[in-house]
K.L.:
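Right, I'll just put the structure down here and ask away after.
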Amino acid sequence: MLNETKNLSVGDAQAQVLRHVSPGESEEIQLEQALGRVLAEVVRANRDQPPFDVSAMDGFAVRSADLVAGGAVLTVVEDIRAGDMPGKTVQSGQCARIMTGAPLPPGADAVIRVEDTQALTDDCVEITVPVKAGNDIRVRGENMRNGDVVLEAGTEITPGVIGVLATVKRARLQVYRRPRVAILSTGDELEALVAPFDASKIPESNSYALMAQLQALGIEPVRLGIARDKPDELARFLKQGLDYDVLLVSGGTSVGVHDHVRPTLADLGVTMHFWRVEMRPGHPVAFGTRGKSLVFCLPGNPVSSMVCFEQFVVPAVRRMMGHPNLFRRSVAARLTHPVKHRPGRAEFIRVTLAQDAAGGLLATSTGSQSSGDLTSMARADGLLVVSEGSDGLAGGDMAQVQLLDGSAFQGGSGLVEEKS
Ligand code: AMP
Ligand code: MG
C-alpha cells in the first residue's frame, strides 16, 4: 500500500528510514583489508605495552643516586639494544649503553640521553648533568595494559586503528559486513554512457554519480542498467534489484503518466513508507522496504538525486556498516550574500567554503541552484541548509553547512609557505 497522506520534513523522513535499518552481520577479514571498515568486536591488549620499563632515548641507563653531585664518570658495563634483554645489574659507579625501546637493566632507574654525555673511552663515559629517577623511561604498561579494552566495537578503522590492531597482533578481525547495493536508472529519454550521441536524448549520469557516492562510503555497488518506462520491463529490473540489501532507483517516482516505479514496487510486495519530503531539491523521494531490503526511489534530476542520497542513503548505509556516526559533519559558516527562501521546504544550497581572517568559515553559493545543474554540485564543498521555516537569510547570517566528501582538504598546511 502506498501511504500518500502526508509530506514529511527531512528530519522525520530520516527517522523513518533509520527505524528500518540496523547494523548488518559481522564477518572476519584480514588486517590488510580492514581500512574504512567498522569493528564488530571489542579489541583488548594482549600484553602490557611497553612490556617492561624501556628507554625513551638513545643514551645511558644510570643510577640517579650516582649523579646527585651534578655529574660523574661511570663505567659502561654493557650495550643493550632494542630487542635485547639486559644481562647485568647496574651497580653504583656503573651504567649501560642503551638504545630507544630497549629494556632498562636492573639497578638503573633513569636514562641520560647521549647528548648529555661525553665518551672518555669505549667503556668509560662522563655524565655532565644531574638526573631524577624515572628520567626518559617509558614505564611498563603506560600505553596499554594486558586485558584493557583498546578499541570499542563500532570503531571506524583508520590508519591509526590499523596500527593499534597490529600492535596487539590481530591479523584477523571481525567487522560489519558491507551492504550489497544495486542502482537502477529509469527513463525512456536516457542515453547510456557508451551509446552514440543523440541530441534528443539525455546522458545517463545518475547511476555513475550514485556509484561514486557509494564508493566514497566504501561500497562497490552493482549498476543494473537503464530500465525503460514500461511496467513489465521495470518489474523485471526491480525484481532483480530487490535481491540486494539496498536498491537505489533513479527517476520515475513523480506523478507523471510514465512514472511507474512506485506502483510497480508495490506490486512486487514493497511497502512504501513515504514518497514526498518537504525539501528542495529532491521533493519526489520515496522510501520502501521488502523484508530486510531497503528501496530508495531518488528523483531523476541529477542534483536532487545526489542531495537525497546525502540525506537518506548515507545515514542508512552507514548504520548498516556499523558506524555510530551516521551523518556528515556540519560546520557553522557565515553567508557572503543573501539567500531568498519562502517557508515550507528545507533547502540545500550548494556552496564553497573559505576561511575568513578570524578563522571562521565563509559560505558562498556555487551559482545556479537548478536541480539539473550538476556543474554547481561538482564545485561544491558542502550543502548549506536553509530550514523549512526560514523566510530567507541575509548576507552575514550564520548557517549550517553539511560537508561533502572531499571537503576536508585545503590548499596549504597553514604551517609552511609553499615557494613557487
Ligand atoms: P524523473 O524523475 O524520471 O521525472 O526525471 C526528471 C529528470 O531528470 C528527467 O527529465 C531527466 O532529464 C533527468 N534524469 C532522470 N534520470 C536521469 C539519469 N539517470 N541521469 C541523468 N538525468 C536523469
Ligand atoms: Mg523519468
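Note that these values count all heavy atoms, side chains included, but never hydrogens, waters or copies made by symmetry. Start at 1 and go down the list; that is how both ligands and their atoms are numbered. Note that the structure is a prediction, hence the values are computed from the model and not measured.
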K.L.:
Without swapping roles, check the side chain of H341 against the backbone of R345 for a donor-acceptor pair under 3.5 Å.
P.N.:
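Yes; at least one donor-acceptor contact below 3.5 Å.
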
K.L.:
For ligand 1, find each of its N or O atoms that sits under 3.5 Å from a protein N or O atom, and tabulate the pairs with distances to one decimal place.
P.N.:
| unit_1 | atom_1 | unit_2 | atom_2 | d |
| --- | --- | --- | --- | --- |
| ligand 1 | 2 (O) | G300 | N | 3.0 |
| ligand 1 | 3 (O) | G252 | N | 2.8 |
| ligand 1 | 8 (O) | G300 | O | 3.1 |
| ligand 1 | 8 (O) | N301 | N | 3.1 |
| ligand 1 | 14 (N) | G300 | O | 3.1 |
| ligand 1 | 19 (N) | E204 | OE2 | 2.9 |
| ligand 1 | 20 (N) | S205 | N | 3.0 |
| ligand 1 | 20 (N) | N206 | N | 3.2 |

K.L.:
Is it true that a side-chain atom of D148 and a backbone atom of V150 form a donor plus acceptor pair closer than 3.5 Å?
P.N.:
no

K.L.:
Holding to salt bridge (Lys or Arg N to Asp or Glu O under 4.0 Å), I want the full list of residues that pass it with D245, two or more places apart in sequence or in another chain.
P.N.:
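Counting only residues at least two positions away or on another chain, D245 forms a salt bridge (Lys or Arg N to Asp or Glu O under 4.0 Å) with R177.
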
K.L.:
Is the backbone of G396 close enough, under 3.5 Å, to the side chain of R334 for a donor and an acceptor to pair up by distance?
P.N.:
yes

K.L.:
Examine distances only and state if a side-chain atom of D58 and a backbone atom of M99 form a donor-acceptor pair shorter than 3.5 Å.
P.N.:
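No: the side chain of D58 does not pair with the backbone of M99.
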
K.L.:
Only one of P284, P281, S250 passes side chain to side chain contact (heavy atoms under 4.5 Å, CB included) with P299; say which it is.
P.N.:
P284

